[in-house]
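Structure incoming, see below.
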Amino acid sequence: MTPEAPAGGPDAGALPGVAGLSSAEAARRLQQFGANKLPEAGAVPGWRKLLAELTHFFAILLWCASVLAYLAGMPQLAVAIVVVILVNGVFAYIQQERAQHAASKLRELLPAMVSVRRDNRVTKVHTTELVPDDAVVLVAGDRVPADLRLAVAAGCSVDESMLTGESEALTKIPGDTVFGGTFLVNGQAEGVVAGTGGNTRLAEIAALTGKVEAPPSPLALELQRIVRITAAMALSIGVLFFVLSLLVGISWRDAFLFAIGVMVALVPEGLLPTVTLSLAVGAQRMAQRNALVRNLEAVETLGSTTFICTDKTGTLTQNRMNAVEVWTPAGLLSVIGAGYGPEAEVTGRGAGEARHLSTAARAASVGRAVLHEGQWIAEGDPMEAAIDALAARLADPGQQPEEPEVSHRFAFDPRRLRESAIVGTTLFVKGAPESVIPLCGEDSAGRALQMVDQMASHGLRVLAVAERSLPGLPGASFRLEEVESGLTLLGLIGLHDPPRAEVRVALEAAREAGIKVAMVTGDHAFTAAAIARETGLIGSPELVLEGHSLPEDDAVLAALLDRDGVVVSRVTPEQKLRVARLLQHRGHVVAMTGDGVNDGPALQQADIGVAMGLSGTDVAREAADLVLLDDDFATIIAAVEQGRATYANIRRFLTYHLTDNVAELTPFVIWALSGGRFPLALSVLQILALDIGTDLLPALALGSEAPSKGTLKRPPERRHLMDKALMIRVFGLLGPVEAFFEMTAYTAVLLGAGWTPGAELPPSDVLMAASGAAFTTVVLAQLANAFACRSASVPPWQLGWFSNRLLIWAVLAELGLLAVFLFLGPLAALLGHAPPSPGGLAVALAAIPAVLLADWLYKIVRHRRAGKATPATKVQRL
């Protein structure tokens, strides 16, 4: 549509130049193109999500065990297993259900009402009623309601940071396109709607975010591996002993019962709820350190992170511009002040000249520093607010700069790289040094260019300021190039977006922890590199990549990215997404930070998306796994420490669970090998009571163990949760010790009652007391095992018996549950045991020091082997 003069004359609107549609035509187009709202993706029903939690591989394994238990005539066991499945599924559904509402939050970026030209007058309509070729009227502060092609733009600059990541507002001229969801920072504009609803740039990003499926977390992959191993062991051993039972003459029903017992003994029913609760404890601790976890698995994933892609503005920096240096031909002035307030310490030469320069730069600016609720904030462009603050800081004591009466304002043009204003008959100009200095006399140009290089080397953004006295106001047919000529250079302003004080220390901690860090930003390469140098992020040799020149070959780009301290600037949402994917293909666990709409797809793709809680958009927060409540990079490193502690805790209670499984399986093995002549020491219900009764609280207490010293002094864990060292400790040491004392206690009670191996089974009361002794032994041995599992290298007395108070309470609760299981008559009868005899109890108590002693000897041997291996390792590295 070609812009035409409105038929309504001057009263039709503030800005002439765009003809609007008629109401009838707008209604017809609304029917043709549909409402101006983003397409809604079909949501997965809640019942399907809950069903998924009840039908994954581990749950199916338990369902099978429940059915088999029912078929074997054990309805109590079948019901108990079903309860475990439901508790696991519902709890996981509640904890893991996080809304994937990025698209719905994108809709909230569009304004509710918008000014348009309809029927030759300006009126307000709901944003959903916009149609292609509508004429939209915008003023400073308005959010753009759809993709527009500008027909009129007066002093117009647009904040596109939500879409591009660029922190500075961009000047727009007639013919430019502005996108829905962005907003007008300065000036006035009118534009013709070029795209609505699903045809906007905002919709493209929404669709891109919706298509991205987050990869499974390292913890999820490890748990799947454990479940597969456990299932294979349970099924194969169950089938093996079912066949053996038949071969030794045991009836089909008893052999079937035996096989179910073996499988139930090997399946750690309490594993998933214990893992989930441990992650919840880690999430709570992270929240205390200003890191809000939206996805529980992110707790462990962050601990496994090997690569952090961080944004610049607001994460590494404070997201506030500050004028810190002013150079004039009279000398260099240093200005030390915080924020946008008028107070500052000024030192150096040329204060009077600097004051005049700041006044001139302020006249050529629109943004201001304003006092809002007792705090100075930026209104408009942060850079211009910093210039306003500079003028106030350099003003004479007791005076404040007056608002200039500007008769003509020439907005910043990306081709001119400068902007200017006329106050009275004086032209004030500010802009990029390479744009302003050539228009000035050559007397000071050489010195000025040297100062530009010096300021730039300090990481400052440099502006040049100049003026000119005009013979009179320009006429109607003036040429701006002629007006902005013959300037007198007033000097330079060096502006700085200060980095956060904690960033350098946090980056050093990340590198010490074996984590690579890259800056991935939409900002200019020069600005990004300067901040990277100032914070110590950039590597050596320096590597700064720009989005428009990234290699098309994925292998080449991946090799460039896979290093510490790389800077990637001017990236689009698609490129940021590509960066995350390529690093993942290189084997990295990637954490990606972001705060804008443009960051949504990358946050979704990364192994852990980290959003800003203070300055971030709802879209970024909804797409992320972790939200930083203080927007501070140092908080990420603190969260990494807790994530690693959580990973170590999962190994702790996994060791604890599997040790118990060895003791639970042993009675069935002995029963089968004896052809049923040696009584079964534990029933399946007793095993279930151990797994989800006495063991659960100590396992949870192990999951709350505080981070050990040196957690961030080593690389991320790359080993499996169930590795060789864990298996040796469980199946070669702790498990056999528990099983030995368990069967010794059981046999001691039987022998004390006069039973001899091979003879007929003793009376039921003797069998129940013996079974009670075996059950008690396992509980007490697990009590000692809980303390032993607190560390893989240090005995519990060196850690301090009471340093984990939750474990003390858990052990006391475990002893209380043991008393309930033994002495509560109906419950004891259901489980098939009774309180042990004094002899059986003595053996059970002896299991406590035996487990601790065996674990101590194991740690001594392991420490000595590690000491012998260290010199060889050092030589090899040399």
Side-chain angles (χ1 to χ4, degrees), residues 140-141 155 157 159 161 166-169 183-187 290 312-326 333-348 351 354-406 412 419 421 428 430 459-463 465 492-503 523 527 531 534 595 612-617 628-632:
S157 61
D159 182 354
S161 61
E166 170 61 65
S167 60
E168 299 176 13
F183 66 90
L184 203 66
V185 175
N186 296 311
N290 291 322
K312 177 187 73 68
T313 305
T315 309
L316 300 178
T317 69
Q318 300 175 19
N319 194 20
R320 53 177 64 190
M321 298 294 289
N322 197 4
V324 295
E325 287 186 1
V326 180
L333 209 64
S334 174
V335 183
I336 302 176
Y340 298 106
E343 298 83 12
E345 178 184 347
V346 180
T347 58
R355 185 180 306 114
H356 178 60
L357 176 148
S358 66
T359 303
R362 182 174 181 267
S365 303
V366 177
R368 292 291 183 261
V370 297
L371 187 62
H372 178 70
E373 296 181 355
Q375 183 176 1
W376 289 93
I377 62 172
E379 184 178 85
D381 189 294
M383 182 194 68
E384 295 190 342
I387 293 174
D388 184 37
L390 175 66
R393 291 168 179 176
L394 298 180
D396 291 326
Q399 296 184 2
Q400 290 296 320
E402 297 180 356
E403 195 65 34
E405 296 183 2
V406 178
F412 182 86
E419 56 188 315
F428 298 111
K430 80 174 194 298
L460 302 182
R461 180 181 180 184
V462 185
L463 290 178
V465 183
L492 307 171
I493 301 177
L495 297 112
H496 184 227
D497 183 5
R500 293 178 178 271
E502 313 85 0
V503 167
D523 254 330
T527 307
I531 292 298
E534 189 168 357
D595 56 6
M612 303 300 106
L614 291 177
S615 61
T617 62
L628 302 185
L629 301 181
D630 55 4
D631 290 9
D632 194 345

**OP:** Please examine the side chains of Ile493 and Lys430, heavy atoms only from C-beta on, and report whether any two atoms are closer than 4.5 Å.
**Re:** no
Original post:
Say you draw a straight line from CD1 of Ile387 to CE of Met383; how long is it, rounded to the nearest 0.5 Å?
Top reply: 5.0 Å
Original post:
Of all heavy-atom pairs between Val406 and Ala363, which one has the smallest distance, and what is that distance?
Top reply: CG2-O, 4.1 Å
Original post:
Quick one: are Thr347 and Ser334 in side-chain contact, heavy atoms under 4.5 Å?
Top reply: yes
Original post:
Tell me, do Glu419 and Val366 make a side-chain contact under 4.5 Å, heavy atoms counted?
Top reply: no
**OP:** Write down the atom of Ala364, the atom of Phe428, and the distance for their closest heavy-atom approach.
**Re:** CB-O, 3.8 Å
Original post:
Roughly how far, to the nearest 0.5 Å, is CG of Leu357 from CG of Leu394?
Top reply: 8.5 Å
Original post:
Taking all atoms of both residues into account, what is the closest heavy-atom pair of Val326 and Ala354, and its distance?
Top reply: CG1-CB, 3.7 Å
Subject >> Arg393 side-chain N/O to Gly341 backbone N/O, donor-acceptor pair under 3.5 Å >> reply: yes
Subject >> SB check Arg362 Glu403 (cutoff 4.0 Å) >> reply: yes
Subject >> pair Leu316-Glu534: side-chain heavy atoms closer than 4.5 Å >> reply: no
Original post:
Is a side-chain N or O of Asn322 found less than 3.5 angstrom from the main chain of Gly337, in a donor-acceptor match?
Top reply: yes
**OP:** Give a yes or no answer on whether the side chain of Tyr340 reaches the backbone of Gln375 with a donor-acceptor pair at less than 3.5 Å.
**Re:** no
**OP:** Look up atom CD in Glu384 and atom CZ in Arg368, then write down how far apart they are to the nearest 0.5 Å.
**Re:** 7.5 Å
**OP:** Specify the closest pair of heavy atoms between Asp388 and Ala369, including all atoms of both residues, with the distance to one decimal.
**Re:** OD2-N, 2.9 Å
Subject >> Gap separating the CD1 atom of Ile336 from the CD atom of Glu325, nearest 0.5 angstrom >> reply: 10.0 Å
